[in-house]
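Just so we're on the same page: letters track the sequence lines, and every chain starts at 1. Just so it is clear, the values below take in all heavy atoms, side chains as well, and ignore hydrogens, waters and symmetry mates.
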Amino acid sequence: MKPLKKVEIVVGAKETKQVIEILEAQNLAKYTIIKNASGRGDSWERDGFGLSDVFHNNYLLFACTEVEFESVKEPIRILLEDTGGICLVSDVMWLNH
Amino acid sequence: MKPLKKVEIVVGAKETKQVIEILEAQNLAKYTIIKNASGRGDSWERDGFGLSDVFHNNYLLFACTEVEFESVKEPIRILLEDTGGICLVSDVMWLNH
Amino acid sequence: MKPLKKVEIVVGAKETKQVIEILEAQNLAKYTIIKNASGRGDSWERDGFGLSDVFHNNYLLFACTEVEFESVKEPIRILLEDTGGICLVSDVMWLNH
Amino acid sequence: MDQSLIIDNLLNPTILFFFLGMIVVWIKSDLEIPQPLPRLFSLYLLLAIGFKGGVELAHTGIDLSIMKTLLFAVISSIVIPIYLFFILKKKLDINNAGAIAATYGSVSAVTFVTAVAFLQNLEISYGGHMVAALALMESPSIIIGVFLVRQFDKSESQAAKRIGVRETLKEAFTNGSVVMILGSLIIGILTGEKGAEALAPFTNDIFKGMLCFFLLDMGILAANRVRALKNAGPFLIIFSILVPIIHGVLSILISMALDISEGNALLLAVLISSGSYIAVPAAFRLAVPKANPGLYVPMSLAITFPFNIILGIPFYFYLINQLH
Amino acid sequence: MDQSLIIDNLLNPTILFFFLGMIVVWIKSDLEIPQPLPRLFSLYLLLAIGFKGGVELAHTGIDLSIMKTLLFAVISSIVIPIYLFFILKKKLDINNAGAIAATYGSVSAVTFVTAVAFLQNLEISYGGHMVAALALMESPSIIIGVFLVRQFDKSESQAAKRIGVRETLKEAFTNGSVVMILGSLIIGILTGEKGAEALAPFTNDIFKGMLCFFLLDMGILAANRVRALKNAGPFLIIFSILVPIIHGVLSILISMALDISEGNALLLAVLISSGSYIAVPAAFRLAVPKANPGLYVPMSLAITFPFNIILGIPFYFYLINQLH
Amino acid sequence: MDQSLIIDNLLNPTILFFFLGMIVVWIKSDLEIPQPLPRLFSLYLLLAIGFKGGVELAHTGIDLSIMKTLLFAVISSIVIPIYLFFILKKKLDINNAGAIAATYGSVSAVTFVTAVAFLQNLEISYGGHMVAALALMESPSIIIGVFLVRQFDKSESQAAKRIGVRETLKEAFTNGSVVMILGSLIIGILTGEKGAEALAPFTNDIFKGMLCFFLLDMGILAANRVRALKNAGPFLIIFSILVPIIHGVLSILISMALDISEGNALLLAVLISSGSYIAVPAAFRLAVPKANPGLYVPMSLAITFPFNIILGIPFYFYLINQLH
Ligand SMILES: Nc1ncnc2c1ncn2[C@@H]1O[C@H](COP(=O)(O)O)[C@@H](O)[C@H]1O
Ligand SMILES: Nc1ncnc2c1ncn2[C@@H]1O[C@H](COP(=O)(O)O)[C@@H](O)[C@H]1O
Ligand SMILES: Nc1ncnc2c1ncn2[C@@H]1O[C@H](COP(=O)(O)O)[C@@H](O)[C@H]1O
Ligand code: NA
Ligand code: NA
Ligand code: NA
């Protein structure tokens, strides 16, 4: 088992692509996405209904080393400043296979 | 980055509204919901199939301060005692933007 | 509140049944599954589209004691070696009801 | 009994697709109708059946005989949960006794729709008010079931504090399937002939096909749910077959006495003998969370429902024909 | 005004299902059309309306009068966001002013489809090129709205850096609903009569029924979204009703001057008076993330849209009839 | 070659919607058919084609010529994976060689359905037993592919321990699409003429429209999947076009020798030349997890499938016409 950082991000469905572009820019292209999340925060409620993506959130999760996380931390912060959402970081052990 | 508590709750789809009411009663109305979870616990299996909500779970996640969590801890415990489900709490760092 | 291990596993949709069989073999049949996850890792991209399950991932989560986790750790590792995917373990507090 | 009725029913594509669904589970095929497609079919069927019933009802109007039928339907949905509760209470805890009693006092819309298709095959007509009966029978037994549980359960339940009488009433009468069928019925009444014709390709022509799809899914579901009854013991299994037979036969006898037509008598028998697996679990989950849906849903869904659509419907119809 | 027009419209099953949806929310029923079923209905309607328009257009060909109509449609979608922006700027911040202006410059396909069903009921024909108008009117106001915001917003927005002019253009013109309707239109043009006939049971016969289902969902959605406007203040509420009336009436007057037929004039009025809630929020979320979709989407979806389909359409039609 | 055949095919709405799907990806539109709607269309098409085939088959009965055709179909699905495996083994590792061999031994139901629509356009009949051929050809090559991999792979694979011969057989024969088509076929056989008529609006009338929707999604999917082949090298790309041509032509020659009718010969050519992208990946994921679905799925789905429906079908048909 190897210690890693687990990063969880909730953003609007439209904005997910921009998060992934940030990851890819740092060759950090390992992630899992769960679509169709709903929720509330500081901005308008995303109830998950309607035809437009702006009322849907996505949940994105990736595990990486602390160094890797540092490389995307600032761009993610700047993006979320603009788009809203939340980014949570925690310690995990990776069962390496 | 700011330390917060991450609270994860899995409950039946019908009961999610009651969890949110508990949060709202404490002005804790920031959360993310992922619908259509399935699972098994002590009670009947929720396989995610069928027309009735009683075989579907929801996954609810919210990040808050320790003090905030303390304010909803007991009502959540009492609710889950009745409805089943699970509530897990862990330490996270919030990338504040 | 009681300390537990939270185990998160992302595997291909087809492989989820094998993970559950591992859990059941150790009488660890309490878990939550979120279907329809997408993602990228070392192997081909699972974009969540198409008629075949091989482009879909599932997210599986279970909370258990450290001892219980040790009993499934090796079989899970062996399975993931074969099928790909990721297994992350972290510390949580369980709000026992 | 005329066996050809049963065999004809079995060779109906709708029933055959139900069997296909059960076979899917037995051979452990990975065929599934992913969520929320089953909801699409079920919403469609409620809309179609409700709308057609309304159009029909606007045509015939309401007379004394219709009122009689509706009254009979509602009374049955009040009496059944009461008498069943006191029987079940002897074998089960209060919570589950109340839930099962409410289940069999309420109705299964899918069974109703399957019976409608059965009648259509034989070109036997039925009244639009039967859809109203379906809608009226969903909720009363829920109220009664919850009331009985609260009356006899001495433990200070948290749920009872949270979910009072008003919430229970609200939950029982605003259940999605009740609203969908009642709403479509009223829309059917308000819409004229011309409006109905414009909708007919949607509500009538593709109806049978949508039902096939839906029963395929119901077959998969029933075969999966039946497993949950492994440890339920013989009493509940026998209950789930005996109760529909008794209710069906009684309903037919009363229908004869009330001079209710062939088609309507069949639908009444099907309504009264069927058990709910949508409205009841939804309301009981909130009001009586200690009742176990892993028990009462499989009973109605995995035993009573298949029994009714495979054997019950042709049997009730045979009986009606004999008595007419 | 001839009240029977409004009442006839209200007794249309499509509109009745919209009401049913609103009632569902008011009585707090748990009835819902789960995702992504609403997308199925909306994709279907775009495909059907686009395809039928294309087939029709291939039949009639393009002449000067059609070019005139299309030009009028596009110009309106350029002029409207500009003039609205400068009005809105006085009451709101730049970002939201731009978004609301773009919203009302663009169009609502669902309102268009509902108006088509209204015409079909009255057996009044309309031109296939009106579908082209719908497609052409979706994007221009988006470009203009974003341009105006960027022009007047002096803050160094991060989004402006990330999403340049080219991305905005791309986003505006490749929005899913634009592509679906335009694609189906072109396919309709390329397909001959025979191909169209083979598709007719799908694109024509079940059209009304699918619209009922979709409007049921839109009713639920509108009634839910309207809550977000609780704190929006009277200006925006009045704006959401007054703007469609003004635009509708003006459009009808110009249509008369341009000698546009009854059916086409109604559809133009509906296009010009309606507001977008799909293409505009999608593009603005990327290009102007500081604009609040919790504001401009409910305005067009929860006020303008219900107003238009319930009262607007019969009113515009009445007016057109009076002036003809 | 008669170019008008290709052009006629290209101007078919079904094929045009497939192109629209590819364009959606090229212009980076956000148009998507969200999950699980594609499953709805695919389940529908399997049900409709299976049921119609069964009704037809009940009508014609089974004779020697039908047995001959079915035998030819099954043998081809056994021979093809074997010979392909030994060719592929020279260029690729054992696991992927086996998976690709199985892919092209098995069949693509969507290609079959598209060919059926092609025949319907030309009003050329085909036998109900061709649906049986489709069902019979899905599984054998899977068994053979897995068997060959296990035979030649000397590494002690964990998967081989977990998933034995029995599991592989089960997986191959109980795949959802096999069960759906075979089940619907048998239901079609059991249902009489009258039952079939009642289902016709669903299984026949809206068939073309559903196919359009589905091919739109397949176009999006194919254009997305093709990217995965960027680094695959020219061998596999050429393989994915050459193999269907060779198999199609050979199949046509044998069909002529066996005196198989025009329509049936086309469907056979399409079955034999197409590659699976549902049943094969499902089974190989379990039995041979080291094979890369990111390789063999795009080959059949993003190259062979588009080639077949755009050029292959009219070309095979031209050839059949020339030889008849
Ligand atoms: N404290 C939180 N806990 C969990 N999810 C959150 C939290 N804050 C925001 N979110 C999620 O992020 C989305 C956007 O947040 P916001 O930009 O603050 O409106 C919300 O709709 C929630 O899904
Ligand atoms: N230990 C656990 N780990 C993960 N999920 C659980 C656990 N226990 C219960 N759950 C989830 O909570 C739901 C209800 O639990 P229960 O009331 O114990 O049946 C289950 O269906 C699971 O989805
Ligand atoms: N570092 C990671 N963080 C999050 N998810 C991952 C990670 N690596 C792999 N995954 C998930 O596991 C799936 C299979 O991984 P792989 O076998 O490496 O292709 C991917 O499609 C992702 O959904
Ligand atoms: Na009953
Ligand atoms: Na407009
Ligand atoms: Na083949």
> What pair of heavy atoms forms the shortest contact from F:S29 to E:V179, and how long is it?
Replying inline: OG-CG2, 3.6 Å
> Is it the backbone or the side chain of E:T191 that comes under 4.5 Å from a heavy atom of chain F, or both, or neither?
Replying inline: both
>> At a heavy-atom distance under 4.5 Å, which candidate from E:L47, E:T203, E:I186 has the highest pair count against chain F?
In response: E:L47
> Who wins among F:N12, F:L211, F:I206, F:L10 for the most heavy-atom pairs under 4.5 Å with chain E?
Replying inline: F:I206
>> Counting C-beta onward and ignoring hydrogens, is there a side-chain heavy-atom pair between E:V178 and F:L31 closer than 4.5 Å?
In response: no
> Going by heavy atoms in the side chains, are E:L40 and F:F41 under 4.5 Å from each other?
Replying inline: yes
>> Do E:I187 and F:L20 have side chains that approach each other closer than 4.5 Å (heavy atoms only, starting at C-beta)?
In response: yes
> Hey, is the main chain of F:K28 close enough, under 3.5 Å, to the side chain of E:K170 for a donor-acceptor pair?
Replying inline: yes
>> Please find the pair of heavy atoms, one from E:Y44 and one from F:F213, that lie closest to each other, and give the distance.
In response: N-CZ, 3.5 Å
>> At a 4.5 Å cut-off on heavy atoms, which part of F:F17 comes close to chain E: side chain, backbone, both, or neither?
In response: both
> What part of E:Q35 lies closer than 4.5 angstrom to a heavy atom of chain F: side chain, backbone, both or neither?
Replying inline: neither
> For the candidates F:L11, F:L37, F:I23, which exhibits the highest count of non-hydrogen atom pairs separated by less than 4.5 Å from chain E?
Replying inline: F:L37
>> Distance check, rounded to the nearest 0.5 Å: E:L190 atom CG versus F:I15 atom CD1?
In response: 13.5 Å
>> Does any backbone or side-chain atom of F:P36 lie under 4.5 Å from a heavy atom of chain E? Answer side chain, backbone, both or neither.
In response: both
>> So does E:N175 get a backbone contact from the side chain of F:D30, meaning a donor-acceptor N/O pair under 3.5 Å?
In response: no
>> Could you walk me through whether E:D205 and F:D205 satisfy the side chain to side chain contact (heavy atoms under 4.5 Å, CB included) test, starting with their C-alpha distance in whole Å, then the side-chain angles of each, then the deciding distance to 0.1 Å, before giving a yes or no?
In response: CA-CA 10 Å; E:D205 298 356; F:D205 298 356; over 6 Å; no
>> Tell me whether E:K194 contacts the main-chain N or O of F:N121 through its side chain, where contact means a donor paired with an acceptor under 3.5 Å.
In response: yes
>> Below 4.5 Å, heavy-atom pairs only: which of E:A282, E:S184, E:G195 has the largest tally toward chain F?
In response: E:S184
>> With a 4.5 angstrom heavy-atom cut-off, is it the side chain or the backbone of F:Q120 that approaches chain E, or both, or neither?
In response: neither
> Which bit of E:F173 comes within less than 4.5 Å of chain F, counting heavy atoms only: side chain, backbone, both or neither?
Replying inline: neither
> So which part of F:L216 gets closer than 4.5 Å to some heavy atom of chain E, the side chain, the backbone, both or neither?
Replying inline: side chain
> Rounded to the nearest 0.5 Å, what separation is found between the CD atom of F:E32 and the CG atom of E:L43?
Replying inline: 9.5 Å
>> A side-chain contact here means heavy atoms from C-beta on lying under 4.5 Å apart; do F:K208 and E:F202 qualify?
In response: no
